[in-house]
Amino acid sequence: MRSRNLIIGGVLSALVIAAALISFLWTPYDVTQMNIPAKLQTPNGTHWLGTDHFGRDIFSMIMVGARTSIAVALVAVGIGMGVGVPLGLAAAARQGSLLDEVIMRGNDLVFAFPSLVIAILITAVFGPGAVNAIIAIGIFNIPVFARLTRGAALPLWQREFIMAARVAGKGVSRISIEHILPNVTNLLIVQGTIQFSLGILAEAGLSYVGLGAQPPLPSWGRMLADAQTMVNFAPHLALIPGGAIILTVLGLNLMGDGLRDLLDPRIRVERT
Amino acid sequence: MLRYSLKRLLSLAISLIIASLVIFLVIEVAPGDPASFMLGMNAQEDTLNALREELGLNQSKLERYLSWTFGMLQGDFGTSYTYRTPVAQMVADRLWVSLPLALYALALSTLIAFPAGIYAASRRGAPGDVAVMGATQLGVAIPNFWFAMILVLVFAINLRWFSAGGFPGWDEGLFTGLKALTLPAIALALPQAAILARVMRSSLLDILNEDFIRTARAKGLSRRQALWRHALRNALIPVLTIIGLQFSFLLAGSIIIEQVFYLPGLGRLVFQSISQRDLIVVESVVMLLVFAVIMVNFIVDLAYAFVDPRLRSRS
Amino acid sequence: MSLLSIQNLDLSIHGNPILNGVSLDLAQGEIVAITGESGSGKSLTAFSVMQLLPRGTVTTGSIKLDGQEVLNAPDPEMCKLRGNDIGMVFQEPMTALNPLKNIGDQVMETILLHTNQSRDEARKRALEVLARVGLPPESYSLSRFPHELSGGQRQRVVIAMAIALRPRLLIADEPTTALDVTTQAQILELLKDLVQDFGMGLLMITHDLAVVSDMADRIVVMRSGEVVETGVTKTLFANMQHPYTRALFAASAHEVNLPKAPEADDALLIVQDAVRDYPKPRTTLFAQREYTRAVNGISFTLHKGERIGLVGESGCGKSTLTRAILGLEPLQGGSIKAFGQEVAPDMPAALRSGLQVVFQDPYGSFNPRHKVARIITEPFHLLDNPPQGLERKNRVSDALLAVGLHPDDADKYIHAFSGGQRQRIAIARALIIRPEVIIFDEAVSALDVSIRAQILDLIAELTQTHDLSYLFISHDLSVVRTITDRVLVMKNGEIVEDGATQQVFTNPSHPYTANLIAAAPTLPDVKALSNVPA
């Protein structure tokens with residue numbers, strides 16, 4: 001059961017990542033190449049996943065779209081971890097202090113801005129684009145990691161090995177890096193996988209409403225937006241990108257669950 | 001209990017003030033002069049000035065912030081740059097679509113998730129549990145707007161049970177209104193229900209491992225009785241947190257879902273306003289969304305105290 | 001016929017055999033105690049009677065209650081017995097009650113579940129039962145919630161739930177292990193009374209031989225899932241047959257050979273009117289912080305070569321004082337001086353290196369991701385020129401050898417060691433930079449008696465080889481009695497008695513000390529017993 005989750009999830013995730021990487025070197029067709037005579041084909045021998053209303057090859061677009069999704073979600077998780085984890089460590093190290101209070105209240109505040117709302121604000125000011133999507137999802141990830149890190153670090157600070165380190169004269173930041181961080185890494189890996197999958201969902205949503213990646217950069221969300229008016233006579237335009245999103249997110253979630261069981265069965269993942 | 005509520009109320013007020021500041025400042029940074037945008041490229045300088053005066057754009061930032069916030073407190077959200085109508089009226093009309101949609105979805109999500117989570121927890125490891133967990137694993141992975149498209153394809157286009165989009169308005173009767181919101185609500189609710197069911201299950205399983213469940217069993221309660229009488233209420237505490245968070249996701253999600261169903265909600269208003277650079281509308285809608293999220297979290301905090309006597313007596 | 005009869009009980013969990021042919025009998029009105037160290041299977045034996053066993057448990061044999069087979073009985077049948085015919089009391093009163101339900105509802109639940117009484121009748125009965133266990137309705141209304149009660153009071157509520165319907169058999173699993181010694185005495189007294197009043201049988205599980213000898217009519221000694229010896233309490237103590245029983249008894253009564261303290265006047269540690277306030281959790285951003293005074297004007301001096309004990313019940317402030325002495329938390333009044341210099345959170349490393357500590361929990365006091373060498377050399381951080389290369393290796397080997405471990409252990413991870421070995425590693429970590437003073441903070445409290453005896457011997461040996469001076473903090477009077485020269489008794493943040501250990505124990509001057517000593521259960525004098533004809 002345990003390793004099954006990890007294997008299925010790992011294989012699915014690896015496939016998507018491989019598709020994204022290969023797309024840098026090779027795609028069956030050029031994704032910007034329109035070929036109106038060949039438009040709206042259902043999957044067949046020459047176009048494995050068919051073509052869209054401009055005759056572009058959907059398989060190639062899915063490959064390049066994977067690149068966009070993964071890049072946006074990965075950087076967003078990076079921002080969330082890079083800012084959130086140090087904040088969480090600092091808050092835990094000074095539990096009950098003004099710093100802790102400010103960090104936690106700030107977190108609560110950011111939670112009041114769903115990533116879509118942040119994206120709306122940014123887009124209103126700077127115009128739409130993939131970078132805005134990254135920032136919006138990234139900002140929303142910060143409190144997730146800050147809370148998680150603080151929550152996991154607090155009980156560690158009560159543990160006797162931390163006291164022993166303090167008796168050995170080690171300072172707060174050194175203890176945070178040397179003792180606390182390695183003991184929350186498993187948790188961060190698991191949550192990182194989950195946030196990664198949530199980031200892919202969020203990127204798809206933002207691109208779908210036009211706040212994310214802009215043409216001509218292919219993205220799964222925009223493929224779905226394009227498909228919407230044609231769903232009654234060309235359902236494969238909606239089913240294929242949707243399937244790609246579902247399989248990717250499913251794969252990452254299964255991998256996250258598998259990793260959790262493997263690394264530490266006591267870890268509880270928050271999925272929101 | 002009273003002190004607890006007052007404290008929560010105070011932190012609610014602080015959150016609102018800071019949130020309004022953040023939103024105001026972000027919109028302030030936006031390039032471009034709304035007055036020249038409204039009057040077009042060829043407007044005369046004195047006409048522009050007159051309009052700026054009328055819109056209060058010549059005031060200092062502080063004055064504008066204060067008049068914006070105090071205006072909102074009195075229900076005055078300013079005047080749309082594009083339509084020259086009160087923003088409050090525009091928003092209120094749209095809110096009557098978006099808010100019921102989010103609440104409808106929240107109700108559906110809870111109604112699905114609770115039985116599913118409890119069922120799975122009470123049959124841990126059994127085929128029923130595995131089936132429910134597999135379904136939720138899939139549900140979590142489905143993007144709600146894609147699911148909405150599929151629902152339209154199946155239930156509106158093929159089966160013709162529902163209309164593919166649009167909203168007739170509440171004047172047509174409650175049932176007609178709800179029917180128009182049903183597919184969007186299902187699309188929003190199912191992925192959230194999957195998350196909530198998982199939280200419910202794992203929270204219940206955690207509680208079922210607690211010592212006091214063993215005490216309850218030692219009294220002679222069956223496993224099922226112990227779950228219903230002792231575990232469920234304790235398990236509700238983390239579930240409440242998630243429900244609170246989900247509301248903000250549903251509200252935000254409804255903005256996207258409105259695009260699929262062509263619903264005249266806040267989402268449509270916001271995207272329209274962005275493309276027309278009607279920033280005062282964007283500002284107000286965002287503030288309203290944030291206000292709703294903060295209010296819901298406040299209500300969840302009060303609900304904690306209702307569930308947990310330790311919170312009532314502490315402080 | 002006996003009330004409870006366990007015959008040839010075998011138990012395995014996920015295929016791992018845990019119990020092997022356990023048999024015991026218990027008559028009505030009798031108190032039988034199962035004793036043994038951790039891993040002996042004593043608690044699982046008790047839970048087998050309740051049929052509340054972990055998933056994956058397989059049992060064979062027979063457990064009969066008044067002739068009725070309960071082993072592998074269907075759960076609905078067991079539900080009728082549990083709470084009605086068999087009551088149970090647990091080890092951890094802090095978590096044994098549902099935090100969201102008031103105590104009245106929880107006691108009434110037992111009654112309503114098994115009888116047809118109305119809620120009013122059940123409420124009346126609940127009030128009676130709570131009064132019977134020492135929670136009279138005047139002070140403890142039914143609407144109280146568990147978090148408003150102390151550990152001892154919660155244990156009384158658990159007992160009330162267990163005896164509300166006057167079960168024939170009461171099972172108590174380490175009912176006083178989590179409680180202070182004075183509370184323990186009261187709870188044990190209550191259990192004894194109840195057995196007499198109701199004519200119940202009491203099956204009690206405890207690791208503490210002293211408690212056993214006070215309480216039980218008969219004893220069952222278990223080791224590694226087997227019964228090694230069983231008999232009437234007095235006879236068994238007078239005439240221990242099995243070597244394990246003798247070893248267990250010897251370890252429980254163990255007295256170390258503490259070398260005489262050298263005469264010296266150098267004051268290493270001077271605590272002068274120390275005051276330590278604890279901030280209550282901040283409830284809002286702007287609220288005035290509120291404080292509780294945990295340490296209230298404590299003074300004492302530790303001289304070179306002295307071994308001082310600090311005893312007190314939980315919440316008396318001894319842990320808070322320890323952290324202040326270690327310079328982990330600031331004082332709000334008075335001063336602590338070590339080797340003439342002020343102890344404070346920002347004190348220089350050189351001063352810190354003179355004060356080291358050994359903590360209680362052998363499982364929590366090491367970073368699970370580090371190897372032993374890295375763990376025990378952590379205090380080298382305090383040295384300006386920490387030893388490198390071969391010298392470092394030698395220091396590690398020396399420290400490990402000093403605590404009875406092997407130099408090769410340096411390259412192992414901590415999970416490879418047992419609780420006793422871990423406590424040796426903790427001592428090695430404290431010793432490695434040759435501190436002047438070591439603080440033992442409940443350093444043997446989490447250990448089984450036989451391991452505890454070994455660690456105490458090790459400490460006594462180290463006082464000789466390493467010139468140790470120490471402060472030994474413990475709630476366990478018998479340990480402090482053997483391992484210290486002087487003892488301080490602490491209550492509510494103050495020291496109520498300070499004197500030579502033997503003097504304080506034989507002739508306490510403060511009534512609180514006298515209370516503590518009287519409440520502590522004592523082992524029987526075997527020599528006196530052996531003269532009694534069996």
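Reckoned from all heavy atoms, side chains included, excluding hydrogens, waters and symmetry mates. In what follows, chains carry the letters A, B, and so on, assigned in the order in which the sequence lines appear, proteins first and then strands, with residues in each chain numbered from 1.
Taking every heavy atom of both residues into account, F161(A) and P368(C) meet most closely at CE2-CD, 4.2 Å. Closest approach of F359(C) and M163(A) over heavy atoms only: CZ-CB, 3.2 Å. Heavy atoms only, all atoms of each residue included: A168(A) and P379(C) are closest at CB-CA, 3.7 Å.
Ranked by non-hydrogen atom pairs under 4.5 Å with chain A, the options R429(C), R352(C), E378(C) are led by E378(C).
The local environment of CG in D384(C) is sparse, with at most 12 non-hydrogen atoms from other residues, nucleotides or ligands closer than 6.0 Å.
For a residue to count as touching a neighbouring chain, one of its non-hydrogen atoms must lie under 4.5 Å from one of that chain's; by this rule L355(C) touches chain A with the backbone only. Of the atoms belonging to L328(C), heavy atoms from both backbone and side chain fall under 4.5 Å from chain A. Contacts of Q158(A) with chain C are absent, with no heavy-atom separation under 4.5 Å from either backbone or side chain.
Taking NZ from K170(A) and CG from L382(C), the interatomic distance works out to 9.0 Å, rounded to the nearest 0.5 Å. Separation of atoms CD (E178(A)) and CZ (R374(C)) is listed at 5.0 Å; rounding is to 0.5 Å. Atom CD of E329(C) is separated from atom CZ of R166(A) by 6.5 Å, given to the nearest 0.5 angstrom.
The salt bridge (Lys or Arg N to Asp or Glu O under 4.0 Å) analysis of residues 361-373 of chain C, with sequence neighbours excluded, yields no pairs.
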